[in-house]
Amino acid sequence: MSAAATGAAGQAVPYYAPTGDECALFEHAFRHRLPLLLKGPTGCGKTRFVAHMAARLGRPLFTVACHDDLTAADLTGRYLLQGGDTVWTDGPLTRAVRQGGICYLDEVVEARKDVTVVLHPLTDDRRVLPLERTGELLQAPREFMLVVSYNPGYQNVLKGLKPSTRQRFLALEFGFPPPEAEAAIVAAESGLPRDRCVPLVRLARALRDLKGQDLEEGVSTRLLVYCATLIAAGMKPERAIRAAMIEPLTDEPDIRQALLRVAEITLG
């Protein structure tokens with residue numbers, strides 16, 4: 001599906017190149033009102049996939065980037081002062097429920113524990129959202145869907161989904177696309193000819209092989225697109241590679257020099 005395609009409600013569908021049956025699984029989850037958990041490394045396309053599917057299905061998308069200070073009230077809503085009056089303001093999760101949209105919680109394990117408590121009634125056959133402060137009990141419409149994601153590579157004992165939460169979701173594992181598919185994606189996103197994207201993908205895969213040794217995380221497809229975009233705009237490949245594929249990975253001078261050496265060897 002191209003970037004110019006339109007979804008069920010006529011909006012443009014963000015470009016996404018499937019690598020398996022993930023689109024079909026998402027549609028089944030949506031049709032049968034099942035929550036979905038996406039697992040995969042940073043920058044491998046999880047967020048783009050959700051945006052693609054929301055547009056394709058014609059549903060509004062409410063995306064929340066989770067963090068340590070995110071509370072249940074940030075999702076559900078709170079009373080705010082407006083012009084001297086105290087007015088209830090819906091949070092993104094509540095708006096998604098009211099409008100029959102898709103709520104996407106990115107890196108859900110980063111949020112505070114009270115967030116998962118709020119999600120539980122929406123992830124079983126009740127499909128309700130209790131708003132204690134307003135006394136409302138919102139019934140999620142058929143069109144509402146909850147999608148969450150996280151990066152298992154950063155998971156630890158303190159920041160992991162409890163089994164009682166994980167087993168409320170269908171799960172879909174994401175990885176980086178095969179080399180040919182990734183080169184096509186980078187070319188489509190950046191405008192750089194595909195044959196010039198192939199060596200960049202080869203380098204990215206070589207750097208990913210170092211994950212767990214000198215690097216905490218490998219080069220994402222997102223960074224590959226950034227690099228190719230710079231090259232397509234006229235920047236020298238060596239400078240673009242350093243800015244987009246080397247410097248973002250480490251602050252250590254010795255490791256940086258080693259990565260540059262890997263780039264030299266891989267690209268010839």
Heavy-atom closest pair (D114 atom, A72 atom, distance to 0.1 Å) is OD2-N, 3.4 Å
When rounded to the nearest 0.5 Å, the distance separating CZ of F169 from CG of L146 is 4.5 Å
Practice item. Mark yes or no for whether T116, through its side chain, and K113, through its backbone, hold a donor-acceptor pair below 3.5 Å. Key: yes
Chi angles and distances behind the side chain to side chain contact (heavy atoms under 4.5 Å, CB included) call for L75, V118
CA-CA 9 Å; L75 292 182; V118 171; 5.6 Å; no
(Q) In this structure, would V225 and M235 fall into the same cluster of hydrophobic residues linked by side-chain contacts under 4.5 Å? (A) no
Cationic N near anionic O, under 4.0 Å, E217 to R222:
no
CG (L37) and CZ (R168) are apart, to the nearest 0.5 Å, by 13.5 Å
Separation between CG (L230) and CE (M245), nearest 0.5 Å, reads 11.5 Å
Side chain to side chain donor-acceptor pair (under 3.5 Å) filter on R127, not counting sequence neighbours, yields none
Residue set satisfying side chain to side chain donor-acceptor pair (under 3.5 Å) with T250, at least two apart, ordered chain then number -> none
Solution key, residues 184-196 side-chain donor-acceptor pairs under 3.5 Å, sequence neighbours excluded:
from	atom 1	to	atom 2	distance (Å)
E189	OE1	R48	NH1	3.2
E189	OE1	R48	NH2	3.1
E189	OE2	R48	NH1	3.2
S190	OG	V186	O	2.6
S190	OG	L192	N	3.1

Exercise. Kindly determine whether T134 and Y79 satisfy side chain to side chain contact (heavy atoms under 4.5 Å, CB included), including the steps that lead there.
Key: CA-CA 9 Å; T134 67; Y79 283 103; 3.8 Å; yes
**Asked** Does atom CD of E27 have more than 12 heavy-atom neighbours from other groups under 6.0 Å away?
**Response** yes
With the side chain counted from C-beta on, respond yes when I231 and L200 share a heavy-atom pair under 4.5 Å apart, and no when they do not. yes
*Flag yes if more than 12 heavy atoms outside D251 fall under 6.0 Å of its CG atom; otherwise flag no.*
no
In V219, I241, I246, the residue satisfying side-chain contact (heavy atoms from CB on, under 4.5 Å) with C227 is I241
Sorted by chain and residue number, the side chain to side chain donor-acceptor pair (under 3.5 Å) partners of H120 (sequence neighbours excluded) come out as T165
query = How about E182 and P179: do any of their side-chain heavy atoms sit closer than 4.5 Å?
reply = no
For residues L131 and L93: do they belong to one hydrophobic cluster (side chain heavy atoms under 4.5 Å, members Ile, Leu, Val, Met, Phe, Trp, Tyr)?
yes
* Do side-chain atoms of R78 reach the backbone of G91 as a donor and acceptor pair under 3.5 angstrom? -> no
A side-chain contact here means heavy atoms from C-beta on lying under 4.5 Å apart; do T221 and P177 qualify? yes
Does the side chain of M53 come within less than 4.5 Å of M145's, by heavy atoms? no
Rounded to the nearest 0.5 angstrom, the OG-CG distance for S220 and L207 is 11.5 Å
Note: A140 and L122 closest approach over all heavy atoms is CB-CD2, 4.1 Å
- Message: Students often mix this up, so state it plainly: with edges at 30° and 60°, are the rings of Y16 and H52 parallel, tilted or perpendicular?
- Response: tilted
Practice item. Let me see the working for L105 and V147 under side chain to side chain contact (heavy atoms under 4.5 Å, CB included), right down to the final yes or no. Key: CA-CA 6 Å; L105 306 183; V147 183; over 6 Å; no
Between V262 and A206 the two heavy atoms that sit nearest each other are CG1-CB, 4.2 Å
Out of curiosity, does V128 fall in the hydrophobic cluster containing L119 (side-chain heavy atoms, cut-off under 4.5 Å, transitive links)? no
To the nearest 0.5 Å, atom CD of E110 lies from atom NE2 of H67 at 10.5 Å
Taken in chain and number order and not counting sequence neighbours, the residues that satisfy ring pair (Phe, Tyr, Trp, His ring centres under 6.0 Å) with F176 are none
Can you check whether G218's main-chain N or O pairs, donor with acceptor, with R208's side chain at less than 3.5 Å?
no
To the nearest 0.5 Å, atom OG1 of T123 lies from atom CZ of R33 at 14.5 Å
Original post:
Would you say K46's side chain and G40's backbone share a donor-acceptor pair under 3.5 angstrom?
Top reply: yes
Residues V108 and Y150: closest non-hydrogen pair is N-CB, 4.5 Å
Would you say that C23 contacts R56 through its side chain, given a criterion of any heavy-atom pair below 4.5 Å between the two side chains? yes
T71 meets the side chain to side chain donor-acceptor pair (under 3.5 Å) criterion, sequence neighbours left out, with D74
inquiry  = Other residues, nucleotides and ligands only: do more than 12 of their heavy atoms fall within 6.0 Å of CD on Q82?
reply    = yes
Measuring only between side-chain heavy atoms, which start at C-beta, is F62 closer than 4.5 Å to Q99? yes
I'd like to know if the side chain of Q139 and the backbone of R126 have a donor-acceptor N/O pair within less than 3.5 Å. yes
> Is there a side-chain contact between L80 and V87 (heavy atoms, below 4.5 Å)?
Replying inline: no
Here the pair of heavy atoms bringing A29 nearest to L170 is CB-CD1, 3.8 Å
Correct closest heavy-atom pair for A183 and C197 would be O-CB, 3.9 Å
(Q) Hydrophobic cluster membership, with links at side-chain heavy-atom distances under 4.5 Å among I/L/V/M/F/W/Y: are L61 and F26 in one? (A) yes
Item to check | L259-L223 co-clustered via ILVMFWY side chain contacts under 4.5 Å | outcome: yes
